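Each chain gets a letter, A, B and so on, in the order the sequences are listed, and its residues count up from 1. Owing to the predicted nature of the structure, the values given are computational and were not obtained by experimental measurement.
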2 protein chains.
Amino acid sequence: MPHDFPSMLKELHLKVTPRRLATLAALATATTYVSPEEVHKRLQGEFARIGLPTVYRNLEELAAGGVITKVLHPNRQLYYYFCPNRSHHHHFVCLACRTVEDLECCGLEEVEKQVGGRVLSHIVQANGLCQACLQAGREAAA
Amino acid sequence: MPHDFPSMLKELHLKVTPRRLATLAALATATTYVSPEEVHKRLQGEFARIGLPTVYRNLEELAAGGVITKVLHPNRQLYYYFCPNRSHHHHFVCLACRTVEDLECCGLEEVEKQVGGRVLSHIVQANGLCQACLQAGREAAA
DNA sequence: CATCTGGATGGAAACCATTTTCATTTAGGA
DNA sequence: TCCTAAATGAAAATGGTTTCCATCCAGATG
């Protein structure tokens, strides 16, 4: 069953606009994490007018709603990834081919207990080279 | 025994300069993570001339050498923290009072095995409110 | 101690991903 | 069909961070 993008948007109380649907479609069909700039470029093939701020805004809203995932690159730029896995987990991202792999959830759930405070957010992300890139001798890229 | 900053710098093949020593001293005496801007401001009390680029460069070099730790704020700015704990571990940072607590190391060591590739770097950081801030009703700040 | 050399530094400018502003358009309920 | 708040584009601003380059200094050498 294909993704039901309109329902996803409605659940987030976002209007179902052509640009948002196209953004979701672009992410869902990408095999790697992508930059806002790249999403913008791709949408320019579908819309005569599409502003970069719109892309930034929509990506941010979708990520805030949990429909897509942010990838924090070591270069500190933001990338986005459509992760169909709805359960709580973390990612390994290949810095060469930009693929994303799910990781088993690690013990961060106990952190709040350990700290005694409240965990508002957390980052658990491993960066590196996937098996394929390692064997192919590819290197990390910005 | 106080910290031996000159030795730390020499181990990293960095020259022992007054600015670097003052930067380390500033971080070591701070009870919270601090921004490059804040380090710069503090050093202005010690040096008639101190450039912001110098502060950025030195902080980056010290972090690259593992002498200090980067704190990745949710607002995507970089902060730094002098963590005397030399063993591998991760951090919980309070977004209200900016204190940093050590976390027990979680299972990231097995990630490389799980992925089959090579982990070049990883981020494991919990953000939130520490116990004291939670009880005091303080809130997260930028 | 004097000299030498590459690393360290300051100031100004550049960078550039991201955000803000604001006028215009549009989704979707009334 | 209307209406209103949300969505959008274009242009400009933002601001943390980095680059450039001339000058300075740590520290090795003799």
Practice problem: Output the residues of residues 38-58 of chain B in contact with DNA chain C, where contact means a heavy atom of the residue under 4.0 Å from an atom of the strand; sort by number or write none. | Solution: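 Heavy-atom contacts with DNA chain C come from B/Arg49, B/Ile50, B/Gly51, B/Pro53, B/Thr54, B/Arg57, B/Asn58.
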Nearest-Å distance, [atom1] ([X]) to [atom2] ([N])?
X	N	atom1	atom2	answer
A/Leu14	C/dG29	CG	P	14 Å
B/Asn75	D/dG15	CG	C1'	12 Å
B/Lys15	C/dT5	NZ	C1'	8 Å
B/Glu61	C/dG7	CD	C1'	9 Å
A/Arg20	D/dT8	CZ	C1'	10 Å
A/Leu72	C/dA17	CG	C1'	14 Å
B/Glu60	C/dA8	CD	P	14 Å
A/Arg19	D/dA6	CZ	P	19 Å

Quiz item: Same hydrophobic cluster for A/Leu129 and A/Val93, using side-chain heavy-atom links shorter than 4.5 Å among ILVMFWY?
Solution: yes
Quiz item: Out of curiosity, does B/Val100 fall in the hydrophobic cluster containing B/Tyr79 (side-chain heavy atoms, cut-off under 4.5 Å, transitive links)?
Solution: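 Both belong to a single hydrophobic cluster.
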Practice problem: Could you check B/Gln77 against B/Thr17 and say which one's nearest nucleotide on DNA chain D is further toward the 5' end? | Solution: B/Gln77
Self-check item: Within 6.0 angstrom of A/Arg118 CZ, more than 12 heavy atoms from elsewhere
Solution: no
Quiz item: For A/Glu139, does the CD atom sit with more than 12 other heavy atoms under 6.0 Å from it, leaving out its own atoms?
Solution: no
In residues 64-73 of chain B, what donor-acceptor pairs under 3.5 Å come from side-chain atoms, sequence neighbours left out?
from: B/Lys70; atom 1: NZ; to: B/Glu60; atom 2: OE1; distance (Å): 3.3
from: B/His73; atom 1: ND1; to: B/Asn75; atom 2: N; distance (Å): 3.0
from: B/His73; atom 1: ND1; to: B/Asn75; atom 2: OD1; distance (Å): 3.2
from: B/His73; atom 1: ND1; to: B/Asn75; atom 2: ND2; distance (Å): 3.4
from: B/His73; atom 1: NE2; to: B/Ala141; atom 2: O; distance (Å): 3.4

Quiz item: A/His3 and A/Phe82: aromatic ring centres closer than 6.0 Å?
Solution: yes
